[in-house]
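Have a look at this one before I ask anything.
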Amino acid sequence: MLSVEHLQAAYGPAQVLFDITFSIGGGEVVALLGRNGMGKTTTIRTIMGLLPACGGAVFEGVSLIGLPPYRIAQAGLGLVPEGRQIFPTLTAEENLIATAASRFAARWTLDRVYDFFPQLAERRRHLGNELSGGEQQMLAIGRALMTNPKLLILDEATEGLAPLLRHQIWTSLGRLKEEGQAVLIVDKHLDALAKLADRHAIIEKGQVVWTGTSATLEADPSITQRHLQV
């Protein structure tokens with residue numbers, strides 16, 4: 001579905017990504033891992049066209065390099081950005097409607113998002129800035145689902161959430177996986193990621209230094225110690 005090969009990117013003269021290579025198949029969940037500042041968010045921003053890039057990023061046979069972000073979204077990539085970035089002065093329902101698109105299979109409707117996240121149905125008339133952190137994250141995920149993406153991308157999926165709310169988000173993502181939704185995810189909670197993700201790619205200093213399955217990652221503690229522990 002998505003093939004990223006030797007992707008490079010820079011902020012002005014400062015190169016940040018040097019060699020990002022990984023792939024995602026249909027229905028797969030792939031996690032990008034790495035310590036803070038290693039290039040995970042930059043990788044996502046580059047794939048989404050928010051940062052100029054060179055190298056290869058191909059989605060279903062179409063190169064994403066050079067395309068504006070709206071064209072990349074139209075191709076079927078839905079982003080849940082770091083920090084949620086919901087519209088604070090729109091209601092929860094207006095946030096969802098604002099991104100709605102009936103492309104592809106059009107599986108996601110307002111009613112289905114409310115069925116998926118009942119808290120949003122209860123809070124549909126509340127402004128974005130009146131929602132709790134967990135509700136805002138559900139709204140950010142629901143907003144991305146309303147674009148009916150072929151690939152859902154989540155940057156820091158559970159950052160700053162209390163354990164109970166984190167559990168709700170992980171449960172929701174597990175349901176999406178069961179439905180065959182392809183997902184690219186960044187998060188710091190390795191135990192949850194090991195249960196959810198099919199494969200992992202570890203980024204270190206702007207390049208992918210290891211890829212493998214959850215089983216391989218859990219079976220070899222030296223991988224975590226070498227690349228992920230502070």
Side-chain angles (χ1 to χ4, degrees), residues 1-4 22-32 41 43-50 57-87 90-124 128 131 134-158 168-187 196-198:
M1 176 172 281
L2 175 68
S3 177
V4 178
F22 67 92
S23 63
I24 303 174
E28 271 195 316
V29 177
V30 174
L32 293 183
T41 292
T43 297
I44 288 176
R45 287 176 54 82
T46 304
I47 291 171
M48 293 300 300
L50 298 169
V58 177
F59 183 69
E60 295 193 328
V62 177
S63 174
L64 303 180
I65 301 302
L67 293 180
Y70 77 90
R71 289 284 304 279
I72 293 173
Q74 289 174 347
L77 282 74
L79 175 64
V80 181
E82 183 180 16
R84 300 153 197 149
Q85 298 184 31
I86 62 169
F87 303 116
L90 297 183
T91 66
E93 187 158 297
E94 288 169 339
N95 267 272
L96 295 172
I97 293 172
T99 61
S102 299
R103 59 175 69 102
F104 314 123
R107 295 184 301 122
W108 290 96
T109 62
L110 195 58
D111 287 341
R112 181 139 194 262
V113 170
Y114 285 151
D115 180 65
F116 201 72
F117 292 122
Q119 287 111 311
L120 294 184
E122 297 170 2
R123 305 275 279 169
R124 66 173 71 189
L131 304 180
E135 290 166 345
Q136 289 185 9
Q137 186 67 356
M138 293 174 191
L139 181 58
I141 295 172
R143 183 179 60 179
L145 291 174
M146 286 291 286
T147 70
N148 281 283
K150 295 179 180 179
L151 173 63
L152 181 66
I153 302 177
L154 302 101
D155 192 4
E156 297 296 351
T158 64
Q168 288 179 293
I169 297 299
W170 290 121
T171 300
S172 299
L173 295 177
R175 288 174 59 191
L176 290 176
K177 179 180 180 179
E178 290 174 0
E179 294 181 9
Q181 174 69 59
V183 177
L184 174 62
I185 184 170
V186 171
D187 199 86
L196 178 71
D198 299 293

Problem - Side-chain touch Asp187/Leu196, heavy atoms, less than 4.5 angstrom - result: no
Handout entry: Side chain to side chain, Arg107 and Leu145, heavy atoms closer than 4.5 Å
Key =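 SC-SC contact between Arg107 and Leu145 ruled out.
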Exercise for the section: With rounding to the nearest 0.5 Å, note down the distance linking CG in Leu139 to CD in Glu135. Expected result: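 Rounded to the nearest 0.5 Å, the CG-CD separation comes out at 9.5 Å.
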Exercise for the section: Only one of Leu2, Leu67, Ile72 passes side-chain contact (heavy atoms from CB on, under 4.5 Å) with Phe59; say which it is. Expected result: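 Single side-chain contact (heavy atoms from CB on, under 4.5 Å) partner of Phe59 among Leu2, Leu67, Ile72: Leu2.
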Problem - Check against side-chain contact (heavy atoms from CB on, under 4.5 Å), Leu64 and Leu77 - result: CA-CA 11 Å; Leu64 303 180; Leu77 282 74; 4.1 Å; yes
Practice task
May I ask you to test the Lys177-Val183 pair for a side-chain heavy-atom distance under 4.5 Å?
Solution key: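 Lys177 vs Val183: side chains apart.
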Handout entry: Pairing residues for Thr41 by the side chain to side chain donor-acceptor pair (under 3.5 Å) criterion, not counting sequence neighbours
Key = Glu82, Asp155
Exercise for the section: Could you tell me which non-hydrogen atom of Pro149 sits nearest to which non-hydrogen atom of Gly78, and how far apart they are? Expected result: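 Heavy-atom minimum between the residues: CB-N, 3.6 Å.
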Exercise for the section: Could you grab the distance from atom CD of Glu94 to atom CZ of Arg143, nearest 0.5 Å is fine? Expected result: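 The CZ atom of Arg143 is 13.5 Å from CD of Glu94, to the nearest 0.5 Å.
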Can you give the donor-acceptor pairs under 3.5 Å from side chains of residues 111-118 to other protein atoms, not counting sequence neighbours?
residue : atom : partner : partner atom : Å
Arg112  : NH2  : Glu179  : OE1          : 2.7
Arg112  : NH2  : Glu179  : OE2          : 2.8
Tyr114  : OH   : Glu93   : OE1          : 2.7

Handout entry: Nearest atoms (heavy-atom pairs only) where Met1 meets Leu151
Key =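 That closest heavy-atom pairing would be SD-CB, 4.1 Å.
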Problem - Spacing of Arg124 atom CZ and Ile97 atom CD1 [to the nearest 0.5 Å] - result: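 Reported value, rounded in 0.5 Å steps: 9.5 Å.
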Problem - Approximate separation, where rounding is to 0.5 Å, of Asn95 CG and Ile86 CD1 - result: 5.5 Å
Problem - Nearest heavy-atom neighbours spanning Ala75 and Lys150 - result: O-CD, 4.2 Å
Problem - Gap between atom CD1 of Ile44 and atom CD1 of Ile153 - 0.5 Å precision - result: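 Ile153 atom CD1 to Ile44 atom CD1 measures 6.0 Å (nearest 0.5 Å).
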Completion exercise
Rounding to 0.5 Å, atoms CG (Leu176) and CD1 (Ile185) come to a distance of 10.0 Å
Handout entry: Nearest non-hydrogen partners of Pro69 and Gly49, listed with the distance
Key = CG-O, 3.5 Å
Handout entry: Listed once per pair and sorted, the salt bridge (charged side-chain N to carboxylate O under 4.0 Å, His left out) pairs that draw on residues 63-79, sequence neighbours left out
Key = none
Completion exercise
Closest non-hydrogen contact found for Ile169 with Ala157 is CG2-O, 4.2 Å
Problem - Derivation and outcome, side-chain contact (heavy atoms from CB on, under 4.5 Å), residues Leu173 and Leu154 - result: CA-CA 10 Å; Leu173 295 177; Leu154 302 101; 4.0 Å; yes
Exercise for the section: Specify the closest pair of heavy atoms between Ala101 and Asn148, including all atoms of both residues, with the distance to one decimal. Expected result: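 Minimum heavy-atom contact is O-ND2, 2.9 Å.
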